[in-house]
Amino acid sequence: MALEDELLRQRHDRIAQIEQLGFQPYGHPFEYTHTIPQLIDEYGQRTAEELGNAVHVRIAGRIQRVRRMGKAGFLHLLQNGKSLQIYVKKDAVSETAYKLYELLDIGDIIGVTGYLFRTRTGELSVHVEDLFFLSKILLSLPEKWHGLEDVETRYRQRYLDLIANPDVRDVFVTRSKIIRSLRRQLDAHGFLEVETPMMQPLHGGAVARPFVTHHNTLDIDLYLRIAPELYLKRLVVGGIERVYEINRNFRNEGISTRHNPEFTMLEFYQAYADYKSMIALSKELLHQTAVDATGSSEVTFGERQLDFAQFRQFSMQEAVVEFWPGNDQPTLDNVRDPEWLGKHSRERSPGLALVDIFERHAEGQLFEPTIIYDFPVEVSPLSKNKPDQPDFVERFEIYAAGMEIANAFTELNDPQEQRRRFEMQLSRKAGGDEEAHVMDEDYIRALSYGMPPAGGEGIGIDRLTMILTNSPSIRDVILFPLLRPEGDIGLVQRLQDLAP
RNA sequence: GGGCGCGUAGCUCAAUUGGCAGAGCAAGUGACUCUUAAUCACUAGGUUGUAGGUUCGAUUCCUACCGCGCUCACCA
């Protein structure tokens with residue numbers, strides 16, 4: 001018999017033994033006086049004299065480590081990312097409780113009552129007076145001091161990662177703080193949180209390939225949204241002047257350390273504002289979020305530091321000059337010259353060429369938080385033109401740690417111009433650009449009722465979380481990143497073989 | 001999709017030019033009533049990702065496939 005089957009059988013057999021002792025193998029509610037983190041907070045600094053064997057507690061957790069010595073033993077219980085030692089002594093518990101103790105496996109979930117004390121080496125511990133069985137482990141946990149290293153298993157079985165690698169929990173705690181901070185700040189600024197469709201008859205608001213699904217009753221294809229933008233702006237038309245949504249977007253593109261097919265985006269819109277208002281608001285939001293999530297505006301990413309209290313700022317043209325990698329550094333006049341642009345990029349138009357050159361040469365170097373503003377109109381079908389430079393729009397992106405983390409603009413609210421932009425996109429689609437924007441006549445209709453001038457912005461929550469948790473891959477900040485299905489696991493058959 | 005790399009016991013890792021697949025943890029048995037990587041003794045545990053090929057002999061070399069990672073492309 002394979003070892004794993006042997007282990008499974010041993011543990012499965014213990015279920016009957018646990019039942020014979022009068023316990024349920026998959027128990028019942030268990031009221032505790034403290035969680036383990038609470039208990040450590042409250043009593044972690046108390047001396048043995050202060051505890052005086054008089055503090056009685058009732059706690060629960062998963063058995064993390066076991067050291068048995070004859071008629072006594074020490075176990076560590078893990079709960080909410082913290083562990084606490086308990087001491088079980090034959091003399092100190094009932095015969096039944098001691099028999100239960102002898103049956104325990106690493107990974108079982110138990111409850112205990114007892115009093116707090118300090119061991120000879122000074123570790124805060126619970127001197128157990130009674131034991132309760134709450135849930136049986138059948139499979140083996142990862143090894144105790146290397147933890148779980150195999151990245152595939154870490155992503156597929158995140159629960160094991162969370163049990164074996166305490167730092168992983170902290171990443172997701174920080175992620176939650178980031179989202180909470182952004183919500184709190186936007187709420188304080190009078191923004192209303194809403195939910196708009198994830199399944200859309202037209203995919204708009206961004207340039208990306210969509211996922212397609214089908215609704216049977218209506219017999220129509222629907223797209224998983226690539227962005228909520230056009231719905232949120234319909235709400236601005238409807239008078240919800242400050243509106244935001246934090247939710248998933250879906251893009252049917254490549255997967256990488258910076259891309260997951262579903263990712264979380266904050267989008268917010270503010271009426272009577274423009275991209276300059278959005279720059280000011282972004283700086284404030286990101287600074288405060290970094291402080292709320294990490295305690296400081298300065299964070300370490302990889303080997304380097306970045307500070308969300310300080311943003312550099314360049315137009316896209318300036319950035320190409322500033323971050324040019326070679327010796328033949330261009331001048332600002334070069335970057336404005338269609339001929340020079342054409343020489344340095346194979347893109348069709350000067351605007352597309354500028355973006356291409358920027359992305360190839362400058363983007364990856366933007367490590368400190370940096371605002372890049374004034375984008376070519378060709379890549380910005382929903383942004384308002386610059387009044388003095390109609391080939392450019394009032395748009396900016398924020399880069400940090402070499403990644404784009406935000407995209408914002410003055411919203412285009414002229415329905416005629418929006419119609420022309422969509423038509424421009426349609427001609428690109430006809431030219432073979434699969435990702436070009438589609439015509440959304442219903443959105444044109446909404447704009448035709450009049451949308452107040454507005455600024456809007458999207459912030460990529462996953463990437464922001466990467467930076468604020470010093471995570472090199474987006475998969476480290478998404479609990480269950482998309483992987484290929486792994487196929488037959490074989491456990492169902494093995495459990496069937498064990499069943500009575 | 002392209003390129004590079006990885007896949008050995010439940011977990012973490014070894015295995016010399018191609019020559020008997022090993023260790024620690026986890027598990028079982030025994031000893032041990034303040035240990036904390038507990039300790040000590042003994043025991044068990046493997047279709048080396050899958051399928052082929054080369055060879056007297058393959059974890060090792062070759063091919064294809066599966067899965068994962070990095071990277072390029074795409075993209076945020």
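Numbers restart at 1 for each chain; the letters A, B, ... are given by sequence-line order, proteins then strands. Note that the structure is a prediction, hence the values are computed from the model and not measured.
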I'd like to know whether the aromatic ring centres of [X] and [Y] sit less than 6.0 Å apart in this structure.
{"X": "A:H287", "Y": "A:F308", "value": "no"}
{"X": "A:F133", "Y": "A:Y26", "value": "no"}
{"X": "A:F314", "Y": "A:F323", "value": "yes"}
{"X": "A:Y275", "Y": "A:F409", "value": "no"}

Whole-Å distance between [N] [atom2] and [X] [atom1]?
{"X": "A:D5", "N": "B:G46", "atom1": "CG", "atom2": "P", "answer": "10 Å"}
{"X": "A:K90", "N": "B:A31", "atom1": "NZ", "atom2": "C1'", "answer": "14 Å"}
{"X": "A:E152", "N": "B:C68", "atom1": "CD", "atom2": "C1'", "answer": "5 Å"}

Can you find a side chain N or O atom of [X] that sits less than 4.0 Å from OP1 or OP2 on [N]?
{"X": "A:R118", "N": "B:C34", "answer": "no"}
{"X": "A:K144", "N": "B:A26", "answer": "yes"}
{"X": "A:R475", "N": "B:C70", "answer": "yes"}
{"X": "A:T153", "N": "B:C68", "answer": "no"}
{"X": "A:R463", "N": "B:A76", "answer": "no"}

Look at all strands and tell whether [X] reaches a base, only sugar-phosphate, or nothing, counting heavy atoms closer than 4.0 Å.
{"X": "A:L139", "result": "nothing"}
{"X": "A:L141", "result": "nothing"}
{"X": "A:N260", "result": "base"}

Original post:
Stacking between A:F263 and the base of B:A76 (centre distance under 5.5 Å, interplanar angle under 30°)?
Top reply: yes
Original post:
Can you find a donor-acceptor N/O pair under 3.5 angstrom joining the side chain of A:Q85 to the base of B:U35?
Top reply: yes
Taking only the [atom1] atom of each, what is the distance from [N] to [M] in whole angstrom?
{"N": "B:G45", "M": "B:G10", "atom1": "P", "result": "13 Å"}
{"N": "B:G49", "M": "B:U71", "atom1": "P", "result": "25 Å"}
{"N": "B:C66", "M": "B:A31", "atom1": "C1'", "result": "48 Å"}
{"N": "B:A27", "M": "B:A9", "atom1": "C1'", "result": "12 Å"}
{"N": "B:G1", "M": "B:U16", "atom1": "P", "result": "35 Å"}
{"N": "B:A15", "M": "B:C6", "atom1": "P", "result": "13 Å"}
{"N": "B:C61", "M": "B:C4", "atom1": "P", "result": "16 Å"}
{"N": "B:U29", "M": "B:C56", "atom1": "P", "result": "49 Å"}

Subject >> Lys/Arg N to Asp/Glu carboxylate O, A:R175 vs A:D462, below 4.0 Å >> reply: yes
Subject >> Nucleotide nearest A:L483 when distance is taken to its side chain, options B:C11, B:C68, B:G10 >> reply: B:C68
Using atom names, set out every protein N or O paired with an N or O of nucleotides 40-42 of chain B below 3.5 Å, distance rounded to 0.1 Å.
none

**OP:** Could you pick out which residue, A:S473 or A:E253, lies toward the 5' side of RNA chain B when each is mapped onto its nearest nucleotide?
**Re:** A:S473
Original post:
With nearest nucleotides of RNA chain B determined for A:E149 and A:I106 from heavy-atom distances, which residue corresponds to the more 5′ nucleotide?
Top reply: A:E149
**OP:** Would you check if there is a donor-acceptor pair between the side chains of A:D476 and A:Y155 at a distance under 3.5 Å?
**Re:** yes
**OP:** Output the residues of residues 60-69 of chain A in contact with RNA chain B, where contact means a heavy atom of the residue under 4.0 Å from an atom of the strand; sort by number or write none.
**Re:** A:R65, A:R67, A:R68, A:M69
**OP:** Would you sketch RNA chain B in dot-bracket for me? Only Watson-Crick or G-U wobble pairs with both distances under 3.5 Å count, crossing pairs as [ ], other-strand pairs as |, the rest as dots.
**Re:** (((((((..((((.....[..)))).(((((.......))))).....(((((..]....))))))))))))....
Subject >> Test item: A:K283 and A:I371 side chains (from C-beta on) under 4.5 Å apart, heavy atoms >> reply: yes
**OP:** With A:H76 as reference, evaluate A:K144, A:E123, A:Q64 under the side chain to side chain donor-acceptor pair (under 3.5 Å) test and give the passing residue.
**Re:** A:E123
